[in-house]
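Reviewing the structure listed below.
In each ligand, atom 1 is the first atom listed, and ligand 1 is the first ligand listed. Numbers here simply count residues along the sequence, with the first being 1.
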Amino acid sequence: MKYLSILGSTGSIGTSALDIVRMHPDRFCVKALTAANNIDFFSQQIDEFKPELVAVLDEEKALELSRVLKGNHRPEILFGEAGYCEAASYGTCDTILLAMVGAAGLKPALCAIEAKKQIALANKETLVMAGEIVMAKAKENGVSILPVDSEHSAIYQCLKGNLKKDVTKIFLTASGGPFREKPFDEFKSITLKDALNHPTWNMGHKITIDSATLMNKGLEIIEAVHLFNITHEEIEVLVHPQSIVHSMVGYKDGSIMAQMGPPDMKGAISYALSEPDRIDLQMDFPDFVSLGALTFEKPDTQKFPSLEFAFEACKQKGTLPAVMNAANEVAVSAFLEKRIDFLDIFKLISRTMELHTQIDNPDLSGIIEADCWAREKVQSQI
Ligand code: MG
């Protein structure tokens, strides 16, 4: 039996994880849950899964939750960063699924590591911001970080049974998002609705916009560098619109291992929670005959400069990845609030990265300072 704490349980990854728990109550037991908002839905999850501890965004939400909870089950209710950290290090849990969105995942990740909990990591921003610190701390505490991101889960699976020293290339696949075939001169008129309409994956709003700008792939490049201790030069991004090949690993003898599956996050989530066991998910295989062909193409970095931003951040390291991430978070939320246009997202990230004075080998407070600086910079430009 695995005892789980799920941070971000009302999001897309969190709800898929709870679907898996519901299918396999013999394998998983939920001990702690956290959600920022969405209190009505969260209270239903609490009634169903009966965690001992829950945490929400702030005191107001905590009061709202205690009013809304209907059933007899009354968990301890905490809030804010301290509450999330408590859930990430909660005594009776052994595995933490970190599925909250954005930079908010960093502190809870560090708390989980210090408490020596196994981490299933869906929050890529944690590694983008502070990959060196997080990975070093995990190593020091003997904590394994298992990827939930489908591409990184694929790479992790393709590395099994092989030697790391023989790897020469990582092929990171990308769906290409909804604007892969849209001419660049039409990008001005992209609406929020267009950008939220992802062709293959069904995900939360932030990551869906990140997919439309290809920034999601940019963040994933940095995530892969840290998770697998490789250089960005070893990574090639391939646009693969069918989203069946989730990524590939190339070896020095010319062999390439690919991991495939339907575009459903339950596969990667369950693997991170149960490997090397595979859980029965009653999943249909892709219909290869009706698919006909799996295609690959080079990403268009003229249209989507996000990949260039990420490679630059990898090259410079230090505080630049955190700055890129923070600028992107603020720009994406402004786009979601219809305060800026689609193309402004690229402009804001690029300008903020240019304006930043790089700090090498920052400690955690240096990273958080750079993150705050970038957020303010983007806000003032909006
Ligand atoms: Mg991904």
**Q.** Nonpolar side-chain network containing L53, other nodes, edges under 4.5 Å
**A.** L78, Y90
**Q.** Around the Mg ion (ligand 1), number of protein N/O/S atoms which are nearer than 2.8 Å
**A.** 3
Q) Partners of D344 by salt bridge (charged side-chain N to carboxylate O under 4.0 Å, His left out), sequence neighbours excluded? A) K347
Q. Do E234 and T231 have side-chain atoms, one donor and one acceptor, less than 3.5 Å apart?
A. yes
Q. Any chance the side chains of T95 and Q118 put a donor and an acceptor closer than 3.5 Å?
A. no
Q. Which residue pairs pass the ring pair (Phe, Tyr, Trp, His ring centres under 6.0 Å) test when at least one of the two sits in residues 248-297, sequence neighbours left out?
A. H240-F296
Q) Parallel, tilted or perpendicular for F342 and F346, by the 30°/60° rule? A) perpendicular
